[in-house]
Amino acid sequence: MKDKLICIIHYALLKAKEKGDLSIQEIPSIVLEVPKEEGHGDFATTVALSLAKSEKKPPRKIAEIIKDAIEDSGGILERIEIAGPGYINFFIKDSAWLSVLSEIEGKGANYGRSDIGKSKPVQIEFVSANPTGPLHIGHGRGAAVGDSLARLLSFAGYDVKREFYINDFGSQVENLGNSIYFKYRELSGDNEAAKVVRAEAADDETPGAQDTSNLYLGEYITDLAKDFIARPEFQALPEDEKKIYCREEGIKMMLRQIGETLLKFGVSFDEWYSERKLYDPKNNLVRAAIDELREKGLVFEDGGAVWLTTTRFGDDKDRVLIRNNGQTTYFASDIAYHRDKFMRGFREIVDVWGADHHGYIPRMKAAIQALGHDPDEFNVLLVQLVNLMREGQPVKMSKRAGTFVTLEEVMDEVGTDACRFTFLLRRPDSHLDFDLDLVKSQSSENPVYYVQYAHARLSSVFRQAAEKGIVLPPIEKVNLSRLSLPEELAIIKRLSVFPELVEKAAEAKEPHRLTYYLQELAGELHGYYFRHKFISDDLELTYARMHLVKAVRQVIATALGLLGVSAPESM
RNA sequence: GCGCCCGUAGCUCAGGUGGAUAGAGCAACAGCCUUCUAAGCUGUGGGCCGCAGGUUCGAGUCCUGCCGGGCGCGCCA
């Protein structure tokens, strides 16, 4: 509808120019919006205002000229008004709106799908949690945002791949292995050896380690240690190989657990990319990346370390790639990894990060440019941390002490639908208080149920109709003009906006717009449902209304699907 | 100290890339089930959009400075 109108206005401008009424150099992009005030029409444009300066004419005069030049060959316009300083307000005929229902009926689950992405290969990397512990609620938010964004972009015509980057290379997984090994020694009654392990771990040069060691102390570590102890293959190993076994099997077990949790959360990946792959002796991508940067003259040595001149690309300071002890940095891995992403053919890369990593963006953007890519092809979506609450009080958590609530536990307590919807209720970069009691026990007033209930209600209507032996005729055989109530037209108008909403949400990478849209649509539906019977003795009206709510049900289901939330038939 | 994010109703937050009189949910108060699901509906009250300037026909939205909150600033990952 909107597109049609833009065409009409565009054509009118051309015509006015031809006639010499307007001297337009180039046709401005036509901003067409839906006014908040109903009396201002279905659409309004401000072109007359923006042309005022260059035309040297009063905006209202220009609006008059445009209005006169408009040709409504399709007959969709009821009338045109000029208002305020020079707005042009368009009123669409009710009959024209009804065609939206036929469109939805025809496209079904594909209503709203678009090709603005033009099959552009996009990669979304998200979660990417270290395989050193279970997922927590912050990972859950990242998972919900990343997954929903992937669905959204895919629906908008992008060729989307989802990826999980596994940090299985550096000191973090070393700590995991040490932790399990330590626990194993302890459980075996060898406290002296356990102390040695602890001391070794504490000897790590990591400055942040103020405690006695870097060992993870969560209960899952004990579980893993017990598991390994029960394995004959573990017991059969010589002592010095057990530590390696702990690390390797520990990673494997943690990854499996993470994967299972995510699957339960409705999230899957196309690729699990191992950091170790970057250090393959036959094809060392980190070395290759550094070599490439060196050839470009962007690398220098200082203090025995190898640096990248990220300051040339806007970073505060240059960054180390290879430490003076010969070890590469995490940054070096990341450069190689992102270089590989581009080499795999992705033309846009999206990383979903926790907001606490935001300081890392400038150097990564710099690295992307150093590699010769457009920094706009690399986007970081920051997801703010989640405050887990219970009864209004923050839940204290500590990773190292192992006192944290896992994502799994949260899901079990509040349900995956409520969990996902709540994560997508706000902009990703705003802080989120996740109150377990609010999301769960107050479930009857939870937005997710409000929306799902609308879907279930309509499903129930169709069951009722079927029981009464009502067979809905095809839409072209139905007299849709019986839909004349204000709320019916309001709902149709909202349905008509859905495709544009999807496009905008995809472009802005903001899945939360869908949750707001859903709440508004569900709200209108509930009000309509309460005031009017859909199934009545007036069969013609019944058919028309059933087609209307069928379209509503379709759009709710589609939008929920983009959020990864189920659309139940009954509740 | 420097950098990034945030500041909108009592609370939690929207506000479509500059448009007309700033919205929703929760909380509070008053009502609605012999009817396709009351997980629902209807109504009421509630605002210096942190503060001060600037840009222009027009600013919650863009720019600058300040105030308040969060986060980050390693040859850690």
Side-chain angles (χ1 to χ4, degrees), chain A residues 31 33-37 39-40 44 46 49-50 52-53 58-59 83-87 89 130 132 167 169-173 175 204-209 214 275 302-307 316-317 319-325 327-331 333-334 354-362 382 384-385 392 425-427 429-433 435 438 442-450 452-454 456-465 467-468 497 500-501 504-505 507-508 510 512-513 515-517 519-520 522-523 525-536 549 570-571:
Chain A
V31 186
E33 58 177 24
V34 180
K36 287 169 223 155
E37 202 74 26
H40 294 148
T46 56
L49 293 170
S50 52
K53 206 169 202 178
Y87 294 97
N89 296 336
N130 287 341
T132 54
N167 298 114
F169 184 74
S171 57
Q172 296 293 335
V173 288
N175 284 342
D204 192 293
E205 60 210 285
T206 307
N214 286 317
E275 184 179 359
D302 185 48
V306 176
W307 301 67
D316 300 343
K317 51 205 281 197
R319 307 291 174 176
V320 172
L321 296 173
I322 305 174
R323 296 191 261 164
N324 62 12
N325 65 6
Q327 288 184 314
T328 53
T329 59
Y330 178 84
F331 183 47
S333 292
D334 236 7
D356 52 338
H357 289 89
H358 72 262
Y360 198 74
I361 294 175
L382 291 177
Q384 269 294 351
L385 308 183
L425 218 42
R426 312 199 188 312
R427 284 205 334 261
D429 61 351
S430 75
H431 295 269
L432 173 65
D433 290 336
D435 193 311
L438 269 163
Q442 214 187 2
S443 61
S444 55
E445 272 134 21
N446 196 314
V448 66
Y449 297 111
Y450 184 77
Q452 286 184 318
Y453 183 55
R457 244 184 174 174
L458 295 181
S459 302
S460 172
V461 168
F462 284 98
R463 281 194 297 272
Q464 285 289 328
E467 271 177 34
K468 288 180 181 166
V497 160
E500 190 192 346
L501 178 93
K504 290 279 171 61
E507 276 172 0
E510 293 182 349
H512 75 277
R513 292 189 194 185
T515 60
Y516 279 86
Y517 175 81
Q519 290 180 83
E520 287 163 356
L525 186 275
H526 284 310
Y528 178 46
Y529 176 95
F530 184 80
R531 279 188 293 273
H532 306 284
K533 293 280 287 184
F534 302 162
I535 301 170
S536 67
V549 297
S570 64
M571 288 171 72

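Naming: A, B, ... by sequence-line order, numbering from 1 per chain.
When heavy atoms are screened at a 4.0 angstrom cut-off, A:Y360 is found touching base atoms of the nucleic acid. At the heavy-atom level, A:F331 lies nowhere under 4.0 Å from the strands shown. Heavy atoms of A:A456 sit under 4.0 angstrom from at least one base atom. Within 4.0 Å (heavy atoms only), A:D334 reaches no atom of the nucleic acid at all. In this structure, A:N167 reaches neither bases nor backbone, as no heavy-atom distance under 4.0 Å exists between it and the strands shown. Counting any heavy atom pair closer than 4.0 Å across all strands shown, A:G86 reaches no nucleic acid atom.
Taking each heavy atom of A:F534 and A:Y529 in turn, the nearest pair found is CZ-CA, 3.6 Å. Across every non-hydrogen atom of A:T329 and A:V320, the tightest pair is OG1-O, 3.0 Å. The minimum heavy-atom distance between A:N167 and A:V173, with the atom names listed, is O-CG1, 3.4 Å.
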Paired and unpaired positions of RNA chain B as dot-bracket, Watson-Crick or G-U wobble under 3.5 Å, | denoting a partner strand:
(((((((..((((.....[...)))).(((((.......))))).....(((((..]....))))))))))))....
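Taking the C1' atoms as reference points, B:A52 lies 16 Å from B:G7, given to the whole Å. For B:C41 and B:G58, the P atoms lie 42 Å apart once the distance is rounded to whole Å. The separation of B:U42 from B:C33, taken at their P atoms, amounts to 15 Å, rounded to a whole angstrom. One P atom belongs to B:G23, the other to B:G15, and the distance between them is 15 Å to the nearest Å. Using C1' as the reference atom, B:C63 and B:G45 are 38 Å apart when rounded to the nearest Å. Remark: the separation of the P atoms in B:G60 and B:G50 is 10 Å, to the nearest Å. Nucleotides B:A38 and B:G31, compared at atom C1', are 14 Å apart to the nearest Å. Comparing the same atom, C1', in B:G69 and in B:C26 gives a spacing of 23 Å after rounding to whole Å.
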At under 4.0 Å between heavy atoms, how does the protein contact nucleotides 12-20 of chain B? Give one character per nucleotide, 5' to 3', with B, S or -.
SSSSB--BB
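A straight line from CZ of A:F534 to P of B:C36 spans 12 Å, rounded to a whole angstrom.
Between A:L49 and A:P85, some side-chain heavy-atom pair lies under the 4.5 Å cut-off. The shortest distance between side-chain heavy atoms of A:T46 and A:Y87 falls below 4.5 Å.
A:Q172 and A:T132 form no side-chain donor-acceptor contact under 3.5 Å, judged by distance and modelled atom types alone.
Anti is the classification of B:C73, since its glycosidic angle lies more than 90° from 0.
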Between the protein and nucleotides 1-3 of chain B, which nitrogen or oxygen pairs are less than 3.5 angstrom apart?
residue	atom	partner	partner atom	Å
B:G3	N2	A:H358	NE2	2.5

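For B:C71, the base has no donor-acceptor partner in the side chain of A:D356 [N/O atoms by modelled type, under 3.5 angstrom].
Along RNA chain B, the nucleotide closest to A:Q384 and the one closest to A:F169 are compared, and the more 5′ of them pairs with A:Q384. If A:H532 and A:T328 are placed on RNA chain B by their nearest nucleotide, the residue sitting closer to the 5' end is A:H532.
Note: A:Y528 and A:H532 have tilted aromatic rings, judged against thresholds of 30 and 60 degrees for the angle between ring planes.
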